[in-house]
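Source: prediction; values computed, not measured.
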Amino acid sequence: MKIATWNVNSIRARLPRVLEWLEAARPDVALLQEIKTVDEGFPRLEIEELGYNVAVAGQKTYNGVAILSRFPIEDVTAALPGDAGDGQARYLEAVTGSDGLLIRVASIYLPNGNPVDSEKFPYKLRWMERLCDHVRGLLNFEEAFVLGGDYNVAPDDQDIYDPERFADDALCRPETRERFRTLMFLGLTDAYRAFHPGEIGYTYWDYQGGAWQKDFGLRIDHLLLSPQAADLLTASEIDREPRKKEKPSDHTPIWCELKKRGS
DNA sequence: ATGCCGGGCGAAGCCCGA
């Protein structure tokens, strides 16, 4: 089962890119972020025509996440627990797969948190703490799950093209990295890092200043696996092709492959 | 020091992203 995550930066503006990527990369499950539309505006029919079921947690103008799957999508939860007053559509969780391989997945758009002297930074940190609390609960089930998305966290300096320039950025502030480590130390596996230790693997390049051409990138999109999912992990790669196209998203997809034992 | 680019909204120019 191939599970991919991609911050598309508007599903409506990006629909041609998304459709050609689905046909070329053929993920079984695609976790999308920043769809920037309400549920009714999601181009459901075009995507269903390619053989996907669709679950959406939309929002007008900002945020919004979705799950696409070739398998039935069940047990859908459209909010991260821990703050009933949080109206930002940044979390969508569901169970999908076949009898042989049933996986819980979440599409995550973790708050950016900049500028750090605004209320956005504590919101990010609280959101990360809520995510940790929720993951602790999920781990108790001892099931396979994949939490994919735009975490807006560069876990280490090797994940930034210019660490000094980003030292005080919400993506890599010590408070941010501390909470990300807390999350990882619950027992999660970073799928890309599991196969590419020490390797540069960016997933985002700013539209400005020729960042893509200069490879001035960041690794902020991640697929985090429970121990039961990590046991099935056979590959994980960053797909740079969509970032090369006309009118691209500023992020590019990453994916991982899970194989049922004995298959 | 700030904008650079690009999307949404809405019909010009501002807000936001990372």
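Seen from the ring of A:Tyr204, A:Arg219 does not count as a face-on cation partner, given the 6.0 Å and 45° thresholds.
Among residues two or more places apart in sequence or in another chain, the side chain to side chain contact (heavy atoms under 4.5 Å, CB included) test is passed with A:Tyr161 by A:Arg165, A:Phe166, A:Tyr202, A:Phe216, A:Leu218.
Distance check on atom C1': B:dA12 versus B:dA1 gives 26 Å, rounded to whole Å. Across the P atoms, B:dC15 and B:dG10 are found 15 Å apart, a figure rounded to whole Å. The separation of B:dG13 from B:dT2, taken at their P atoms, amounts to 22 Å, rounded to a whole angstrom.
Rounded to the nearest 0.5 Å, atoms OG1 (A:Thr252) and CG (A:Asn7) are 11.0 Å apart.
Every pair passing salt bridge (charged side-chain N to carboxylate O under 4.0 Å, His left out) that includes a residue from residues 94-112 of chain A is listed here, sequence neighbours excluded: A:Asp75-A:Arg104, A:Glu93-A:Arg104, A:Arg104-A:Glu143.
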List the steps and the verdict of salt bridge (charged side-chain N to carboxylate O under 4.0 Å, His left out) for A:Asp159 and A:Arg177. CA-CA 12 Å; A:Asp159 300 313; A:Arg177 286 179 166 166; over 6 Å; no

The contact string for nucleotides 5-18 of chain B, one letter per nucleotide 5' to 3', using protein heavy atoms under 4.0 Å with B, S and - for base, sugar-phosphate only and none, comes out as BSSSS------SBB

